There are 2 protein chains.
Amino acid sequence: MVDRIGLLKRPASPRGRRVPAKGDDDLAGLAWGLAHPARAAILRLLLERGECVCGAIVDSMPLAQATVSQHLKVLKETGWIEGEIDGPRVCYCPTAGAMTRFKQLLQSLESGERR
Amino acid sequence: MVDRIGLLKRPASPRGRRVPAKGDDDLAGLAWGLAHPARAAILRLLLERGECVCGAIVDSMPLAQATVSQHLKVLKETGWIEGEIDGPRVCYCPTAGAMTRFKQLLQSLESGERR
DNA sequence: ATCGTTAATCGTCAATCTACGATATGATCG
DNA sequence: CGATCATATCGTAGATTGACGATTAACGAT
């Protein structure tokens, strides 16, 4: 069965025998955010510059505005970035601690910790 | 145009204005491998145990054998694990250095290095 | 109020993902 | 050889992704 009844947009950890390690969903979520080169590029840009208005991001990518906007949405939903409305435009910046959190989750994968 | 002419299974870095940082594809590829909770769980299991035969992995997950096999394939293709045929079964283990490489790529994201 | 700019959202299409049962392959045992 | 166990692969259904143009919404300026 392994549902997905419509509550979750992205696959949740399959429930079952193995205790689902809790961190797997979080890890998968953050990993998902980076799992597209365009999103990696956007995050790289933001980490380089600290922050950046949407338009500048669009200009730096060979993708349509709508597409970039979608990727920004994914990055926001997965917790990598935040957007702040700044007059008529939106300024994006990396979420503080997201990278650290991700690395922690990776570490917990390695060390078999249960968090 | 931003093609994808069939050579690549997963989205390649969109070509265009911004020099595509090269690492973005690698990073996205590895991230993709972890971007599903089941795959994170499998990798966790392998890192905990060092190695594990396929059947034991299947038994520990609430997924059909075919599905687990598919996830194992993705993990293999993205470079996270290796499988060694061991008599009638297949023994999987984490690829040495994959985690390190992934962390390096993350680091290069943060520091704006170009590799 | 109206216009222009900026960004998000809508609608759509083709491609891909995830899940599964069924089937094929491969090795070992009797 | 034939039966059996362990995995991989095939085929398929349904959901989701990623791309885009078009539209909408939100703001600031005229």
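Small disclaimer: the values here were computed from a predicted structure and weren't measured. So that the names make sense, note that chain A is the first sequence line, chain B the second, and so on, each numbered from 1.
Distance, B:His71 NE2 to C:dT18 C1': 6 Å, rounded to whole Å. Computed from coordinates, the B:Lys76 NZ to D:dT9 C1' distance equals 11 Å when rounded to whole Å. Atom pair A:Leu63:CG and D:dT17:P shows a separation of 17 Å (rounding to whole Å applied). B:Glu84 places its CD atom 14 Å from the P atom of C:dA27, with the value rounded to the nearest Å. B:Gln70 places its CD atom 10 Å from the P atom of C:dC20, with the value rounded to the nearest Å. When the P atom of D:dG18 is taken as reference, atom CG of A:Leu75 falls 11 Å away, rounded to whole Å. Distance CD (B:Gln65) to P (D:dT4): 18 Å, rounded to an integer number of Å. For the pair A:Ile85 CD1 and D:dA25 P, the computed distance is 15 Å after rounding to whole Å.
Contacts of A:Val68 with the nucleic acid, taken as non-hydrogen atoms under 4.0 Å apart, are absent. In this structure, B:Ala64 reaches the sugar-phosphate backbone alone: every heavy-atom distance under 4.0 Å involves primed, P, OP1 or OP2 atoms, never a base.
In this model, the phosphate group of D:dG18 is not approached by any side-chain N or O of A:Thr67 to a distance below 4.0 Å at OP1 or OP2. Contact annotation: B:Tyr92 side-chain N/O to D:dA6 OP1/OP2 distance is not under 4.0 Å.
Candidate nucleotides D:dT17, C:dA19, D:dA22 were compared by shortest atom distance to the side chain of A:Ala66, and D:dA22 ranks first. Of the candidates C:dA7, C:dA8, D:dC20, the closest approach to any side-chain atom of A:Val53 belongs to C:dA7. Here C:dT18 is the nucleotide among D:dG18, C:dA8, C:dT18 with the atom lying nearest to any side-chain atom of B:Arg39. Comparing C:dT28, D:dT7, C:dA8 by their nearest atom to the side chain of B:Pro88 picks out C:dT28. Set against C:dC20, C:dC17, D:dT9, the side chain of B:Trp32 has C:dC17 as its closest nucleotide. The side chain of B:Arg89 approaches D:dA6 more closely than any other nucleotide in the set D:dT17, C:dA8, D:dA6.
Remark: side-chain polar atoms of B:Arg39 are not paired, donor with acceptor, to backbone N or O of B:His71 under 3.5 angstrom. Checked by atom type and distance alone, the side chain of B:Trp80 pairs as donor or acceptor with a backbone atom of B:Leu30 at under 3.5 Å. With hydrogens and angles disregarded, a donor-acceptor distance shorter than 3.5 Å links the side chain of B:Ser108 to the backbone of B:Leu105.
Of all heavy-atom pairs spanning A:Leu45 and A:Cys52, the tightest one is CD2-SG, 4.3 Å.
Side chains of A:Glu51 and A:Glu82 form no contact here, defined as non-hydrogen atoms less than 4.5 Å apart.
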